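Contents: one structure, followed by commentary.
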Amino acid sequence: IIKRFTYAELAERSSRLSQMLQELGVTRGTVVACYLGAGLEAALTYLAVFRLGGIVAPLSQLYGPDTVIHALVDSGAPILISESELWARIADQKSRCPALATVVLTDANGEKDIIDFNQYQQMPGDEHVEQTRAESAALLLYTSGSTGMPKGILHSHRILRGYLASVSLFYELDMNKPGRVLWTPSDWSWVAGIFNVMLTGWFFGQTVVASRARFSAEGSFELMARHGVTHCFLTPTALKRMAAIEDPYGRWPDLAIRAIGTGGEPLPSAI
């Protein structure tokens, strides 16, 4: 199933979600933990929280339960937005998070003390957008935890402007041209997903592709060909697996890739 959303639809839906979050207590400076995969719900969460001047704390699906709990406690997030499969990993440890007052699930099934994310669709919408500044807090990003538990790093809105220069360069200064399509298999809770694709694509008004499919080399080529992906971010590990596929342009003649960004680990020159 492929779903497409215009910028007008994202704006309208995020205004409704911001109204719902406001009623749940989100205001300027409130930390909202986002424990979701890439897709519409994560997109709306970022947009709605930013509309209210709140702070998004992205949590990766790759984190173990103890790491997620650590981040929830450390951030003091009063609200967690997640999905049932991910929430099930930590639900029995909620008591360890004294600040966590509200859990919102994108696929809630009437569970006690759980808020249904999709209730936002019945909200009237909120046209107000908090007037934040470049130095206003926006993102609480946690490190990968390679040395002990992940550390939270609080970033202001200006971080996007800082990233745009380097991202634009490794995307061949193509972002102002029409018809660019961005995608990454990286989680939208990592810098690669957030800045190299999601926020960069939105800033330039381009198409951003999200997929919940588990990564595979062939699946990635097929996805890029189907959606006309022109610019993507792929880790060296992903590139290595994709480089093993013979004659990708012969197998997927619709490939339109123009530039690939990579990082996070060394990329062998042979790849």
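Values in this document were obtained by computation on a predicted structure and should not be read as measured data.
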Say you draw a straight line from CZ of Phe50 to OG1 of Thr132; how long is it, rounded to the nearest 0.5 Å?
9.0 Å
Close side-chain approach of Glu246 and Arg251, heavy atoms under 4.5 Å
no
Inspect the contact between Arg96 and Asp66 and indicate whether a charged nitrogen and a carboxylate oxygen are less than 4.0 angstrom apart.
yes
Under a 4.5 Å cut-off applied to non-hydrogen side-chain atoms, are Arg16 and Gln121 in contact?
no
Distance in Å, Ser18 OG paired with Leu47 CG, rounded so as to fall on 0.5 Å steps:
10.0 Å
Identify the heavy atoms of Ala192 and Phe233 that sit nearest to each other, and give their distance.
CB-CE2, 3.3 Å
Can you tell me how far CZ of Arg180 sits from OG1 of Thr200, rounded to the nearest 0.5 angstrom?
14.5 Å
Salt bridge check, Arg226 against Asp254: does any charged N sit closer than 4.0 Å to a carboxylate O?
no
Tell me yes or no: between the side chains of Gln22 and Thr27, is some donor less than 3.5 Å from an acceptor?
no
Find the distance between CE (Met224) and NE2 (His231) and round it off to the nearest 0.5 Å.
12.5 Å
Does one hydrophobic cluster hold both Leu36 and Val191, with members joined at side-chain heavy-atom distances below 4.5 Å?
yes
Look up atom CG in Asp113 and atom NZ in Lys94, then write down how far apart they are to the nearest 0.5 Å.
7.0 Å
Classify the ring geometry of Phe221 against Trp252: parallel below 30°, tilted from 30° to 60°, perpendicular beyond 60°.
parallel
Is the shortest side-chain heavy-atom distance between Lys3 and Phe5 below 4.5 Å?
yes
Hey, are Glu9 and Arg4 close enough for a salt bridge, meaning a charged N less than 4.0 Å from a carboxylate O?
no
Min side-chain heavy-atom separation Ser186-Trp188 under 4.5 Å:
no
Can you give me every donor-acceptor pair (side chain of residues 69-87, partner residue at least two apart or in another chain, under 3.5 Å) with its distance?
unit_1: His70; atom_1: NE2; unit_2: Pro150; atom_2: O; d: 2.9
unit_1: Asp74; atom_1: OD2; unit_2: Tyr142; atom_2: OH; d: 2.7
unit_1: Ser75; atom_1: OG; unit_2: Ala71; atom_2: O; d: 2.9
unit_1: Ser75; atom_1: OG; unit_2: Leu72; atom_2: O; d: 3.3
unit_1: Ser75; atom_1: OG; unit_2: Ala77; atom_2: N; d: 3.2
unit_1: Ser82; atom_1: OG; unit_2: Tyr35; atom_2: O; d: 2.9
unit_1: Glu83; atom_1: OE1; unit_2: Arg212; atom_2: NH2; d: 3.1
unit_1: Glu83; atom_1: OE2; unit_2: Arg212; atom_2: NH2; d: 2.8
unit_1: Ser84; atom_1: OG; unit_2: Asp107; atom_2: OD1; d: 3.3
unit_1: Ser84; atom_1: OG; unit_2: Asp107; atom_2: OD2; d: 2.7

Can you tell me how far CG of Leu105 sits from CZ of Phe117, rounded to the nearest 0.5 angstrom?
11.0 Å
Side chains of Thr230 and Asp174 in contact at under 4.5 Å (non-hydrogen atoms):
no
Provide the closest heavy-atom pair for Gly263 versus Pro236 in the form atom of the first, atom of the second, distance.
O-CD, 3.3 Å
What do the steps show when you test Gln61 against Ser189 for side chain to side chain donor-acceptor pair (under 3.5 Å), and what is the final call?
CA-CA 8 Å; Gln61 301 173 87; Ser189 59; over 6 Å; no
Plane angle bin for Tyr63 and Trp190 - parallel if under 30°, tilted between 30 and 60°, otherwise perpendicular
perpendicular
So which atom in Ala225 and which in Leu255 form the shortest heavy-atom distance, rounded to 0.1 Å?
N-CD2, 3.8 Å
